[in-house]
Chemist: 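Take this structure first; my questions come after.
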Amino acid sequence: MTLKTTTRRSFLKGASATAATLLAAKALFPAGAFAQGAGPEVAGTKLGYIALTDSAPLIIAKEKGLFDKYGLPEMAIEKQASWGATRDNMALGSANGGIDGGHILRPKVHLYTSGAVTQNNQPLPMYTLLNLNEDCQGLSVAQEYADIGVGLDASPLKEAFAAKKAAGGAPSVAMTFPGGTHDLWIRYWLAAGGIVPNVDVDVIVVPPPQMVANMKVGTMDAFCVGEPWNEQLVNQGIGFTAATTGELWAHHPEKVLGMRADWVDANPLATKAILMAVMEAQQWCESMDNKQEMAEIVGRRQWYNVPVADIIGRIKGDINYGNGRVETGTDLFMKFWGEKGESSYPWKSLDTWFMTENIRWGYFPADTDVAALVNKTNRSDLWLEAATELGFTDLPSGDSRGVETFFDGKTFDPADPQAYLDSLDIKSLA
């Protein structure tokens, strides 16, 4: 499980970096600046998305005509009811009424490719093409626990869950797909607080758009999901956000643009065109000047059908946690591009962490050849080709972002995943 390790690049933060990104984007993407050479093999395909704010680059690429700009006028961006539905439609492919790729949880590329979560465990080879976003997911808790002091430290819930069990209740927490990012965030958070998932608390699956309604009727005591559902929960007074995932792990990767490997292999020029359109959309989404318009677009009935007020705060870094804590202008906003594409680049070392966590919780066997699966699925080479054709230089490159550090002091060196696993107190009991 060895990956090449390089020193983490340091990137400028703040308003000056945002301004530089905007100037670069304006210089590189004036109207009609793209001179199309050999056109894509097809005029488009179908990509799926879940009603989560981190799907915004796909929606913006469609709404702003960026797919058309790069020779793909027939691109369809189709809403999926759940991550399970996304999996099933991905297995079908567009030729059979499904989809060929889309906005997905990063570990799903490995879970599909290995057959770990597919029907009859039939492998569905997939590629990770780019990272859609960083940060801005939430760990939300029912209002009844607002006064016990649970926050980034989940440990107050241990006694509360024990008391609920003693009274005949069944405490439960929800995530969106087994082995997916939200599953891993909530397990990490609970375990760091001394709470054993599936022992001290049940872990259940609920589709993202159904989280708020399910908490309202008492289906779960806590959940992890992306925005806008945590902010909507707070706005409706049903629960509060104990912590955002950016507080667990700053600048953590989240969703990806993943596509069927057979489609990518058959359509390399169309794949590059999709990448270029989505990368340009990511830069647009990164600008604070565009956040209001972005929230208005994705909130429309045909996309999320969610009020702008449930979207706008957290994508700007303004967080009402719902328990009396309000923070404005934080660095916890959703990141789509970064200064030089570092938020979009699909680092292989980050795939290695997700694979290692999935081993931790029993979704993959301990003897899994992590490096082989990551190298098979991660197409950072295609990202670099697309970025270079867009005219970018001084891009992120290599396999590793370096050693990662988490809120509880744990560190992950992608060159030694076993040392990370050995450092963890709570692991799967499966």
Side-chain angles (χ1 to χ4, degrees), residues 11 13 17-18 21 25 47-62 66 77 83 86 101-109 128-139 176-177 180-182 184-185 208 224-231 244-259 274-275 277-288 290-291 294-295 297-299 303-304 306 311-317 319 330-347 350-351 353-354 378 380 383 387 396 401 404:
F11 297 100
K13 303 292 184 230
T18 301
T21 299
L47 301 179
Y49 79 97
I50 294 283
L52 291 163
T53 313
D54 36 38
S55 67
L58 299 185
I59 295 168
I60 294 302
K62 180 68 176 177
L66 298 177
I77 309 301
W83 291 122
T86 301
H103 156 254
I104 59 174
L105 301 161
R106 190 165 184 144
K108 275 172 153 267
V109 172
T128 296
L129 298 181
L130 58 72
N131 196 62
L132 279 170
N133 69 297
E134 294 176 336
D135 295 346
C136 210
Q137 316 297 292
L139 294 152
T176 61
F177 191 84
T181 55
H182 303 125
L184 301 183
W185 304 142
C224 182
V225 74
E227 297 302 336
W229 308 112
N230 303 283
E231 189 158 8
T244 73
T245 51
E247 294 169 83
L248 293 185
W249 175 13
H251 296 268
H252 72 76
E254 193 31 60
K255 309 301 188 301
V256 298
L257 171 58
M259 294 197 72
I274 290 171
L275 276 167
V278 175
M279 290 162 80
E280 183 171 343
Q282 286 184 287
Q283 294 163 72
W284 187 92
C285 291
E286 183 80 359
S287 169
M288 283 292 173
N290 294 332
K291 299 299 186 187
M294 183 184 113
I297 290 172
V298 300
W303 298 117
Y304 301 169
V306 170
I311 303 170
I312 190 62
R314 298 191 185 202
I315 62 173
K316 296 172 66 175
I319 305 171
T330 74
D331 187 46
L332 298 171
F333 59 88
M334 189 172 287
K335 300 149 186 76
F336 296 97
W337 182 254
E339 186 200 356
K340 301 178 181 179
E342 68 276 9
S343 299
S344 173
Y345 184 70
W347 303 94
L350 302 179
D351 286 336
W353 181 83
F354 284 113
N378 185 297
S380 57
W383 189 98
R401 200 171 72 165
E404 306 291 343

Chemist: Strictly distance-based, threshold 3.5 Å: is any side-chain N or O of E254 a donor or acceptor partner for the main-chain N or O of D135?
Modeler: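 Between the backbone of D135 and the side chain of E254 there is no qualifying donor-acceptor contact (under 3.5 Å).
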Chemist: Go through the structure and list residues passing side chain to side chain contact (heavy atoms under 4.5 Å, CB included) with E231, not counting sequence neighbours.
Modeler: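 Only E227, N235, R314 meet the side chain to side chain contact (heavy atoms under 4.5 Å, CB included) criterion with E231.
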Chemist: At what distance, to the nearest 0.5 angstrom, does CG of L257 lie from CG of L130?
Modeler: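 L257 atom CG to L130 atom CG measures 4.5 Å (nearest 0.5 Å).
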Chemist: Rounded to the nearest 0.5 Å, what separation is found between the CG atom of L47 and the CD1 atom of I274?
Modeler: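 One gets 5.5 Å once the value is rounded to the nearest 0.5 Å.
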Chemist: Might you point out which heavy atoms bring V306 and P228 nearest each other, and give the distance in Å?
Modeler: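 Looking at all heavy atoms of both residues, the closest pair is CG1-CG, 3.9 Å.
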Chemist: Would a 4.5 Å heavy-atom cut-off, applied to side chains only, mark K335 and H252 as touching?
Modeler: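 No, every pair of side-chain atoms sits at 4.5 Å or beyond.
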Chemist: What's the shortest heavy-atom distance between T176 and C224, and which atoms?
Modeler: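 Taking T176 first and C224 second, the nearest heavy atoms are CG2-O, 4.0 Å.
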Chemist: Got a second to check how far L184's CG is from L248's CG, nearest 0.5 Å?
Modeler: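 Nearest 0.5 Å value for the CG-CG distance: 11.5 Å.
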Chemist: Going by atom types only, do W249 and E404 share a side-chain donor-acceptor pair under 3.5 Å?
Modeler: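 W249 vs E404: donor-acceptor pair found between side chains.
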Chemist: Is any side-chain heavy atom of T244 closer than 4.5 Å to one of T330?
Modeler: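 No, too far: nothing below the 4.5 Å cut-off.
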Chemist: Just how far is it from atom CG of N133 to atom OG of S343, taken to the nearest 0.5 Å?
Modeler: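 Taking CG in N133 and OG in S343, the distance rounds to 9.0 Å.
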Chemist: How far does NE2 of H251 sit from CD of E342, to the nearest 0.5 angstrom?
Modeler: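 Between H251 NE2 and E342 CD, I get 8.5 Å after rounding to 0.5 Å.
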Chemist: L129 versus V256: any side-chain heavy-atom pair under 4.5 Å?
Modeler: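 Sidechains of V256 and L129: no contact.
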Chemist: Mind listing the closest non-hydrogen atom pair of H182 and G226 along with its distance?
Modeler: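 Minimum heavy-atom contact is NE2-N, 3.3 Å.
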Chemist: Residues in side chain to side chain contact (heavy atoms under 4.5 Å, CB included) with K291, at least two apart?
Modeler: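 Applying side chain to side chain contact (heavy atoms under 4.5 Å, CB included) to K291 gives M288, I312, I315, K316, F336.
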Chemist: Side chain to side chain donor-acceptor pair (under 3.5 Å) with T53: which residues, sequence neighbours excluded?
Modeler: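 Not a single residue meets the side chain to side chain donor-acceptor pair (under 3.5 Å) criterion with T53.
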Chemist: What's the spacing between L105 CG and T86 OG1 if we round to 0.5 Å?
Modeler: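 Rounded to the nearest 0.5 Å, the CG-OG1 separation comes out at 8.5 Å.
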Chemist: Partners of W83 by ring pair (Phe, Tyr, Trp, His ring centres under 6.0 Å), sequence neighbours excluded?
Modeler: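 With sequence neighbours excluded, W83 shows a ring pair (Phe, Tyr, Trp, His ring centres under 6.0 Å) to H103, given in chain and number order.
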Chemist: Once ring pair (Phe, Tyr, Trp, His ring centres under 6.0 Å) is applied, do any residues pair with Y304, and if so which ones, sequence neighbours excluded?
Modeler: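 Expected list: none.
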Chemist: Which residues pass the salt bridge (charged side-chain N to carboxylate O under 4.0 Å, His left out) test with K108, not counting sequence neighbours?
Modeler: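 K108 satisfies salt bridge (charged side-chain N to carboxylate O under 4.0 Å, His left out) with no residue once adjacent residues are dropped.
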Chemist: Shortest non-hydrogen contact from A281 to A61?
Modeler: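 The answer is CB-N, 3.8 Å.
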Chemist: Excluding sequence neighbours, so at least two apart, what forms salt bridge (charged side-chain N to carboxylate O under 4.0 Å, His left out) with E134?
Modeler: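 For E134 the salt bridge (charged side-chain N to carboxylate O under 4.0 Å, His left out) partners, ignoring immediate neighbours, are R401.
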Chemist: Examine distances only and state if a side-chain atom of T245 and a backbone atom of Q137 form a donor-acceptor pair shorter than 3.5 Å.
Modeler: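 Pair found, side chain donor or acceptor close to backbone of Q137.
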Chemist: Identify the two heavy atoms, one from L132 and one from Q282, that lie closest to each other, and give their separation to 0.1 Å.
Modeler: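 So the two residues come closest at O-NE2, 3.1 Å.
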Chemist: Quick check: closest heavy atoms across L52 and K255, and the distance to 0.1 Å?
Modeler: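 Smallest interatomic distance, heavy atoms only, reads CD1-CE, 3.8 Å.
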Chemist: Residues in ring pair (Phe, Tyr, Trp, His ring centres under 6.0 Å) with F354, at least two apart?
Modeler: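 Scan of F354 (ring pair (Phe, Tyr, Trp, His ring centres under 6.0 Å), adjacent residues dropped) gives W185.
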Chemist: Kindly write out the residues that satisfy ring pair (Phe, Tyr, Trp, His ring centres under 6.0 Å) with Y345, not counting sequence neighbours, or none if the list is empty.
Modeler: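 So Y345 forms a ring pair (Phe, Tyr, Trp, His ring centres under 6.0 Å) with W347, W383.
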